[in-house]
Amino acid sequence: MEAIKYDDGKPKMSLIPAHAAFAMARALTHGALKYDSFNYKNGEGLDWDRYSSALLRHLFAWLGGQEYDTDSGLRHTDHVLSCAAMLSDAVESKIGKDTRFKYNGED
């Protein structure tokens, strides 16, 4: 008889690639040493465009052929993952300010 586990419809956490989790952890560790752990959650949080701008800077640097960030020595892709994680956490936790451009629907 098989054991029972009611987890239908729940996220399958085992699908998270281990390399990506370690990459994100490397960048978050660098940030924790530089700013403090969970600094982005302090006070009112940060404007959301600060996360998206950092994410895009790292992504565009990588797209432009740069592998490593000169400040941290880590891969730009490590930073892309950590910026995306912090942005997602801020949005889900309602921390910081939604500073996205909002199209009003008028032409």
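All of these numbers come straight from a predicted model, not from anything done at the bench.
With a 4.5 Å cut-off between side-chain heavy atoms of Ile, Leu, Val, Met, Phe, Trp and Tyr, the cluster of I16 takes in M13.
Around CD of E44, the count of heavy atoms belonging to other residues, nucleotides or ligands within 6.0 Å does not exceed 12.
The salt bridge (Lys or Arg N to Asp or Glu O under 4.0 Å) test applied to D71 returns K34, not counting sequence neighbours. Qualifying side-chain contact (heavy atoms from CB on, under 4.5 Å) partners for I4, counting only residues two or more places apart in sequence or in other chains: Y6. Evaluation of the side chain to side chain donor-acceptor pair (under 3.5 Å) rule for Y35 yields no partner, not counting sequence neighbours. For K102, the side chain to side chain donor-acceptor pair (under 3.5 Å) partners two or more places apart in sequence, or in a different chain, are D98. Residues forming a side chain to side chain donor-acceptor pair (under 3.5 Å) with T99 (at least two apart in sequence, or on another chain): D49. For R26, the side chain to side chain donor-acceptor pair (under 3.5 Å) partners two or more places apart in sequence, or in a different chain, are D78. Not counting sequence neighbours, the partners of Y68 by the side-chain contact (heavy atoms from CB on, under 4.5 Å) test are R75.
L33 and L28 end up in different hydrophobic clusters when Ile, Leu, Val, Met, Phe, Trp and Tyr side chains are linked at under 4.5 Å. When hydrophobic clusters are built by joining Ile, Leu, Val, Met, Phe, Trp and Tyr residues whose side-chain heavy atoms come closer than 4.5 Å, directly or via intermediates, M24 is grouped together with Y51. There is a path of hydrophobic side-chain contacts, each under 4.5 Å, that joins F38 to W48.
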For residues 79-92, which side-chain N or O atoms pair as donor and acceptor with protein atoms under 3.5 Å away, sequence neighbours left out?
residue	atom	partner	partner atom	Å
H79	NE2	S72	OG	2.7
S82	OG	H79	O	3.0
D89	OD1	S93	OG	3.1
D89	OD2	Y40	OH	2.5
D89	OD2	K41	NZ	3.1

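Within the structure, the side-chain hydrogen bond (donor to acceptor under 3.5 Å, both in side chains) test picks out no pair touching residues 9-19 (sequence neighbours left out). Here side-chain hydrogen bond (donor to acceptor under 3.5 Å, both in side chains) pairs that include residues 55-64, with residues two or more places apart or in two chains, are H58-H76.
One finds the CG atom of L55 at 6.5 Å from the CG atom of L59 (value rounded to the nearest 0.5 Å). If you take OG on S53 and CG on L46, they are separated by 11.5 Å, rounding to the nearest 0.5 Å.
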